[in-house]
Amino acid sequence: MALKIYNTLARSKQLLQPIEPNKIRLYVCGMTVYDYCHLGHARVLVAFDVVTRYLRARGYEVDYVRNITDVDDKIIDRARSNGEAFFALTARFIAAMHEDEARLGVLPPDQEPRATAHMDDIIAMVQTLVDKGYAYVAANGDVYYSVEKFSRYGALSGKKPDELLAGARIETGDIKRDHRDFALWKAAREDEVHWRSPWGPGRPGWHIECSAMSKSCLGAHFDIHGGGPDLPFPHHENEIAQSEAANGCQFVNYWMHAGAVRVDGEKMSKSLGNFFTIREILTEYHPEVVRYLLISSHYRSAINYSLETLQTARGALQRLYTALRGIDAVEIPGLAALEEENGFTRRFVAAMDDDFNTPLALSVLFELVRELNLARSEGEELKTRDLARTLKGLGAVLGLLQQDPEDFLKAGGSDALGDADIEVLLAQREQAKRDKDYQRADEIRNQLKDQGVLLEDSREGTLWKRS
RNA sequence: GGCGCGGUGGCAGAGUGGUUAUGCAGCGGACUGCAACUCCGUGUACGCCGGUUCGAUUCCGACCCGCGCCUCCA
């Protein structure tokens with residue numbers, strides 16, 4: 001009955017102890033919207049979707065905030081090179097992101113603040129930092145955070161402030177006082193998108209928007225802050241420095257970071273140019289297959305993306321769906337109710353309680369499936385139904401098994417042959433079988449197989465799926 | 001160079017001081033007209049070298065290899 005979370009700040013698993021009983025305030029760094037989401041984004045999206053689904057299933061009230069950073073140098077650059085209006089570009093990619101996450105079965109966050117809608121909060125926090133002496137206004141109108149003023153700097157990423165200093169070149173020019181200092185506010189250049197501020201027209205630096213938005217949405221101190229693998233430094237380190245200096249209290253209790261998605265052993269990233277967009281992958285694979293792939297390894301470990309791993313994920317999901325095939329829709333009870341029913345759920349919960357160990361949780365599902373198949377073949381209808389309810393219930397906690405089994409199994413693969421064409425051939429094969437013309441029946445089966453359609457004869461008739 | 005993570009059976013991927021992970025693939029069997037699905041059985045897996053221990057893949061130390069962050073990136 002104890003949920004443990006790996007806390008990046010502590011470098012160990014810790015018991016989850018909410019600030020307010022049974023309530024979790026969670027903030028996750030979302031996208032900077034200047035391009036389509038890639039698989040790396042999908043991993044963070046799905047990881048924290050599972051976290052929120054599980055926390056809720058465990059009875060916590062979760063206030064899930066995931067921001068959108070819609071003002072940033074990269075957006076400005078992209079808009080310029082596209083010859084596209086700044087706000088048209090961000091609107092376009094925000095819409096695309098919403099489409100992508102919906103298709104992946106990612107539930108929307110409770111709040112989705114945008115930097116451009118929180119400009120007052122941002123400016124107020126920068127002002128506070130200036131007033132408290134943690135920030136200074138440079139000659140050109142930029143405002144910088146003075147890292148040397150924050151003694152705990154580096155705690156999250158394990159860096160020592162003076163070591164960061166030691167590695168510095170003396171090429172900072174005359175704008176920053178210290179090369180470690182980072183921009184809270186950037187003065188606008190000619191005809192750039194900008195907002196009015198006490199320091200002149202400009203825009204926020206990269207990190208301040210998350211400090212301001214998290215405070216606005218969740219308060220100065222909240223439970224969990226999450227993000228991708230490349231965010232501990234500098235982004236989250238800087239958030240801590242800003243928030244704790246401005247608010248005078250601890251910022252976050254638990255820091256969670258997802259692992260990287262790799263391609264050919266290298267990190268998938270925009271700067272390496274080796275990324276696959278979600279929409280690109282979804283043209284070939286069912287969204288739940290992608291989701292399964294992302295959940296089939298622990299959220300903190302690196303995951304390797306390839307056609308082979310996707311294909312394996314598909315095969316595994318097919319096994320789960322095959323078990324549910326032909327079982328009438330069942331209402332899904334809550335996790336607590338399921339826990340009383342069977343040991344599978346208890347093992348599932350134990351796995352998830354241990355820092356969201358989804359691979360282990362999935363292994364429980366497969367053991368359940370074996371028992372389900374056994375019960376079914378022995379005609380134990382009640383048991384079969386109960387196990388199916390559990391399977392669907394546990395799947396739902398992971399955001400899996402949400403499709404109709406027939407639909408899932410018949411989807412994907414090559415669509416050279418339409419469903420209607422297949423049905424026609426199946427009818428012909430049935431006739432051939434009745435006529436004991438097995439040669440003809442096998443011929444049809446092989447023909448379908450060549451086109452990616454696999455048949456399964458059963459007492460109730462012939463089932464099919466796409467391979 | 002600094003900080004950190006990891007090397008598990010053909011592949012993917014959990015975990016544990018002594019006992020079956022799990023999935024895919026393979027092999028044998030049952031079922032089947034034959035298949036498929038399903039079920040049963042089946043794999044001398046834990047980078048290398050030392051140490052601790054009755055016993056280590058699991059703890060400790062050294063080493064080798066891979067990766068991440070340290071600059072924009074989820």
Side-chain angles (χ1 to χ4, degrees), chain A residues 8 11 28-32 34-35 37-48 72-74 77 154 156-160 162-164 166-167 179-180 206 226-235 237 257-262 265-273 275 292-293 296-298 300-304 306 308-320 322-323 325-326 347 351 354 357-374 376-378 409 433 436-439 441-442 445-446 449 454-459 462-465 467:
Chain A
T8 308
R11 294 179 202 294
V28 173
C29 287
M31 273 194 85
T32 300
Y34 67 100
D35 207 339
C37 296
H38 62 231
L39 237 206
H41 295 108
R43 183 164 202 200
V44 174
L45 253 22
V46 169
F48 288 100
D72 169 90
D73 289 358
K74 291 186 295 299
D77 292 346
L156 180 68
S157 52
K159 298 184 189 309
K160 298 195 175 66
D162 31 331
E163 279 171 0
L164 284 166
H179 93 286
R180 299 170 301 179
W206 173 29
D230 37 15
L231 295 185
F233 190 90
H235 185 55
E237 201 69 77
H257 293 97
V261 175
R262 292 185 195 158
E266 274 191 315
K267 190 177 81 154
M268 175 183 295
S269 76
K270 289 185 181 169
S271 54
L272 289 171
F275 63 92
Y292 184 95
L293 173 68
S296 66
S297 59
H298 186 84
R300 278 188 287 117
S301 63
I303 188 174
N304 208 34
S306 70
E308 196 187 350
T309 55
L310 260 180
Q311 203 51 52
T312 302
R314 184 147 188 271
L317 245 198
Q318 281 184 338
R319 177 168 164 81
L320 298 180
T322 300
R325 204 172 203 183
R347 288 169 56 208
D354 186 11
N357 192 335
T358 50
L360 189 57
L362 285 173
S363 77
V364 175
L365 260 43
F366 285 103
E367 288 173 25
L368 186 156
V369 160
R370 178 173 300 118
E371 192 150 316
L372 191 163
N373 287 332
L374 219 44
R376 194 205 308 241
S377 69
E378 284 170 16
L409 292 167
K433 279 177 69 180
K436 304 271 188 214
D437 183 359
Y438 292 120
Q439 197 183 335
D442 291 353
R445 187 169 64 201
N446 288 332
K449 188 181 174 189
L454 300 179
L455 304 190
E456 262 173 60
D457 290 336
S458 76
R459 258 172 222 160
T462 299
L463 301 172
W464 63 272
K465 67 179 177 188
S467 62

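Here is how names work: the chains are called A, B, and so on, in the same order as the sequence lines, proteins then strands, and each is numbered from 1. The structure displayed is predicted, hence computed values, not measured ones.
- Taking the six-membered ring where the residue is Trp, A:F275 and A:H38 present tilted rings, their angle falling between 30° and 60°.
- Distance CG (A:D354) to P (B:A21): 19 Å, rounded to an integer number of Å.
- Looking at every heavy atom in both residues, A:L454 comes nearest to A:K449 through CD2-CG, 3.8 Å.
- Put simply, CG on A:N304 is 12 Å from C1' on B:C11, counting in whole angstrom units.
- Taking atom P in both B:C60 and B:G6, the straight-line distance is 12 Å, to the nearest Å.
- The number of heavy atoms from other shown groups lying within 6.0 Å of CD (A:E378) is above 12.
- Contact check, A:N357 against B:G15: a side-chain N or O comes under 4.0 Å of OP1 or OP2.
- Atom CG of A:L39 and atom CG of A:L45 lie 11.0 Å apart (nearest 0.5 Å).
- Taking atom C1' in both B:U58 and B:U16, the straight-line distance is 6 Å, to the nearest Å.
- Each of A:G158 and A:T312 was matched to the nucleotide of RNA chain B holding its nearest heavy atom; the match closer to the 5' end belongs to A:G158.
- Taking a pair as Watson-Crick or G-U wobble with both distances under 3.5 Å, the runs of three or more consecutive pairs in RNA chain B are B:1-7 with B:64-70, B:10-12 with B:22-24, B:26-30 with B:38-42, B:49-51 with B:59-61.
- Summarising the geometry, the separation between CG on A:L368 and P on B:G23 is reported as 12 Å, rounded to the nearest angstrom.
- Distance check, rounded to the nearest 0.5 Å: CG of A:L362 to OG of A:S296 gives 7.0 Å.
- B:A56 and B:G15 have their C1' atoms separated by 14 Å, given to the nearest Å.
- For the atom pair A:W464 CH2 and A:L409 CG, the distance stands at 9.5 Å (nearest 0.5 Å).
- The structure places NE2 of A:H41 at 7.5 Å from OG1 of A:T32, a figure rounded to the nearest 0.5 Å.
- Within the 4.0 angstrom heavy-atom criterion, only backbone atoms of the sugar-phosphate kind lie near A:E308; the bases stay farther away.
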* Between A:E237 and A:K159, does a salt bridge (charged side-chain N to carboxylate O under 4.0 Å, His left out) hold up when you go through it step by step? -> CA-CA 10 Å; A:E237 201 69 77; A:K159 298 184 189 309; over 6 Å; no
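- In this structure, A:K160 atom NZ and B:G4 atom C1' are separated by 12 Å, rounded to whole Å.
- Between A:R445 and A:D442 there is a salt bridge, since a side-chain N of the basic residue sits under 4.0 Å from a carboxylate O of the acidic one.
- In this structure, A:L293 CG and A:R43 CZ are separated by 9.0 Å, a value rounded to the nearest 0.5 Å.
- Listed here is the closest heavy atom pair of A:I303 and A:S297: CD1-OG, 3.5 Å.
- For A:H298, counting side-chain heavy atoms from C-beta on, the closest listed nucleotide (B:A12, B:A14, B:G33) is B:A14.
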* For every nucleotide of nucleotides 34-42 of chain B, 5' to 3': is a protein heavy atom under 4.0 Å from its base (B), only from its sugar-phosphate (S), or from neither (-)? -> BBBSSSS--
* nucleotides 68-74 of chain B: protein proximity per nucleotide (B base, S sugar-phosphate only, - neither; heavy atom, under 4.0 Å) -> SBS-BBB
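- A gap of 13 Å separates the C1' atoms of B:C73 and B:G68, to the nearest Å.
- Straight-line distance from the CG atom of A:L360 to the C1' atom of B:G13: 11 Å, rounded to whole Å.
- Using a distance-only test at 3.5 Å, with no hydrogens or angles considered, a donor-acceptor pair links the side chain of A:R314 to the main chain of A:S467.
- Summarising the geometry, the separation between CG on A:L156 and P on B:G4 is reported as 13 Å, rounded to the nearest angstrom.
- A distance of about 49 Å separates the P atoms of B:C34 and B:G17, rounded to the whole Å.
- Separating the NZ atom of A:K436 from the C1' atom of B:U32 is a distance of 13 Å, rounded to the nearest angstrom.
- Using C1' as the reference atom, B:G23 and B:A74 are 27 Å apart when rounded to the nearest Å.
- Rounded to whole Å, the separation between the C1' atoms of B:C63 and B:C72 comes to 36 Å.
- Under the side chain to side chain contact (heavy atoms under 4.5 Å, CB included) rule, A:Y292 has a single partner from A:L310, A:T358, A:L317, A:T312, which is A:L317.
- Distance A:L310 CG to B:C24 P: 16 Å, rounded to the nearest Å.
- Taking the P atom of each, B:C59 and B:G28 are spaced 39 Å apart, rounded to whole Å.
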